[in-house]
Amino acid sequence: MTTTELTIEPGVPFVTATRIFDAPTALVFKAMTDPELIPRWWGPAKYAVVIDKMEARAGGEWRFLTSDDAGNQYNFHGVYHQVSPTRVVQTFEFEGVPGHCALETMTLEDLGDGRTKMTAHSIYESVEDRDGMVSSGMEGGLRESHERLTELLAKLAA
């Protein structure tokens, strides 16, 4: 699997994304939790990303500020519930539509050959919230983010 696979089943408020990265688990975890690295891969490349807050620990908060060339802001925030080298549980909320929070669980599995399988499961408050997120372009943004992360991991591993 070299692309991001998404499972979006009708009638349930879940999205599951899986991807295999050609990088060790520790490096994938670092890229996903280091505030210096996040802006290099998070979101579509057409947006600038500034880390306003990122406390990657249980109870810590995060907030990412994204903007386009016209200055439009698309900001996101949440709270970390669990952070370990193979699992991150956090909330995710788009500030443009407040009050619609998702709970995300991301696991990293060491495949034993220098590759890592990432599985991210997002639970939305309702099917309507999930469908709204999907229709907003989340799928394309997620796929592009993972492509950018793949490129960054290759540079970090070199």
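The residues K30 and E36 are annotated as not salt-bridged, no charged nitrogen and carboxylate oxygen being separated by less than 4.0 angstrom. Of the charged side-chain nitrogens involved, at least one lies within less than 4.0 Å of a carboxylate oxygen, so that E95 and R63 count as a salt-bridged pair. Note on E139 versus R143: salt bridge recorded, some NZ/NE/NH1/NH2 to OD/OE distance being below 4.0 Å.
When the side chains of ILVMFWY residues are joined at heavy-atom separations under 4.5 Å, either directly or via intervening members, I8 and I123 end up in two distinct hydrophobic clusters. Note: the hydrophobic cluster containing F94 does not contain L103 (ILVMFWY, side chain heavy atoms under 4.5 Å, direct or indirect links). Under a hydrophobic-cluster definition in which Ile, Leu, Val, Met, Phe, Trp and Tyr are linked whenever side-chain heavy atoms come within less than 4.5 Å, directly or via other members, F64 and M106 are assigned to the same cluster. By the criterion of side-chain heavy atoms lying less than 4.5 angstrom apart, applied directly or through intervening Ile, Leu, Val, Met, Phe, Trp or Tyr residues, F92 is grouped together with V97 in one hydrophobic cluster.
In this structure, E104 contributes its side chain and S122 its backbone to no donor-acceptor pair below 3.5 Å. No donor-acceptor pair under 3.5 Å is formed between the side chain of Q73 and the backbone N or O of L65. A donor-acceptor pair is defined here as one N or O able to donate and one able to accept, closer than 3.5 Å; no such pair exists between the side chain of R87 and the backbone of L108.
Atom CD of E125 sits in a crowded spot, with more than 12 heavy atoms from other residues, nucleotides or ligands closer than 6.0 Å. Heavy atoms of other residues, nucleotides or ligands lying less than 6.0 angstrom from CG of D69 number 12 at most.
Atom CG of L6 sits about 5.5 Å away from atom CG of L142, to the nearest 0.5 Å. The distance from atom OG of S135 to atom CZ of R130, rounded to the nearest 0.5 Å, is 10.5 Å. Atom-to-atom distance recorded for I38:CD1 and T33:OG1 is 7.0 Å, nearest 0.5 angstrom. Rounded to the nearest 0.5 Å, atoms CD (E61) and OG1 (T91) are 9.0 Å apart. In this structure, the separation between CG on D22 and CG on L153 is 9.0 Å, given to the nearest 0.5 Å. The line from OG1 of T66 to CG of D52 is 12.0 Å long, rounded to the nearest 0.5 Å.
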Report task. Dump the intermediate steps for side-chain contact (heavy atoms from CB on, under 4.5 Å) on T119 and K117, then the final yes or no. Result -> CA-CA 7 Å; T119 303; K117 180 179 182 181; 4.0 Å; yes

Report task. Please report the C-alpha distance between E151 and R40 in whole Å, then the side-chain angles of each, then the deciding distance to 0.1 Å, and finally whether the side-chain contact (heavy atoms from CB on, under 4.5 Å) criterion is met. Result -> CA-CA 10 Å; E151 293 169 10; R40 296 174 61 184; over 6 Å; no

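Evaluated for a ring-ring contact (aromatic ring centres under 6.0 Å, His included) with F76, the options Y47, W62, W42 yield exactly one hit, W42. Of the listed residues (R19, E144, E147), just one forms a side chain to side chain donor-acceptor pair (under 3.5 Å) with T4, and that residue is R19.
Contact between F21 and M32 at its shortest, heavy atoms only, is CE1-CE, 4.5 Å. S145 approaches G43 most closely through the heavy-atom pair OG-N, 2.7 Å. Taking every heavy atom of both residues into account, V79 and H81 meet most closely at O-CD2, 3.4 Å. Contact record, L37 with L152: O-CD2, 4.0 Å, taken as the closest heavy-atom pair.
Proximity of M138 to V15: side-chain heavy atoms (C-beta onward) are separated by under 4.5 Å at one or more points. When side chains are defined from C-beta on, T107 does not count as touching T86, because their heavy atoms never get closer than 4.5 Å. Between M54 and Y80 there is a side-chain heavy-atom pair separated by less than 4.5 Å.
Contacts classified as ring-ring contact (aromatic ring centres under 6.0 Å, His included) and involving residues 97-130 (residues at least two apart or in different chains) are given here: F14-H121.
Under 3.5 Å, the side chains of T7 and E5 contain no donor-acceptor pair of N or O atoms. Between the side chains of T25 and T116, at least one donor-acceptor pair of N or O atoms lies under 3.5 Å.
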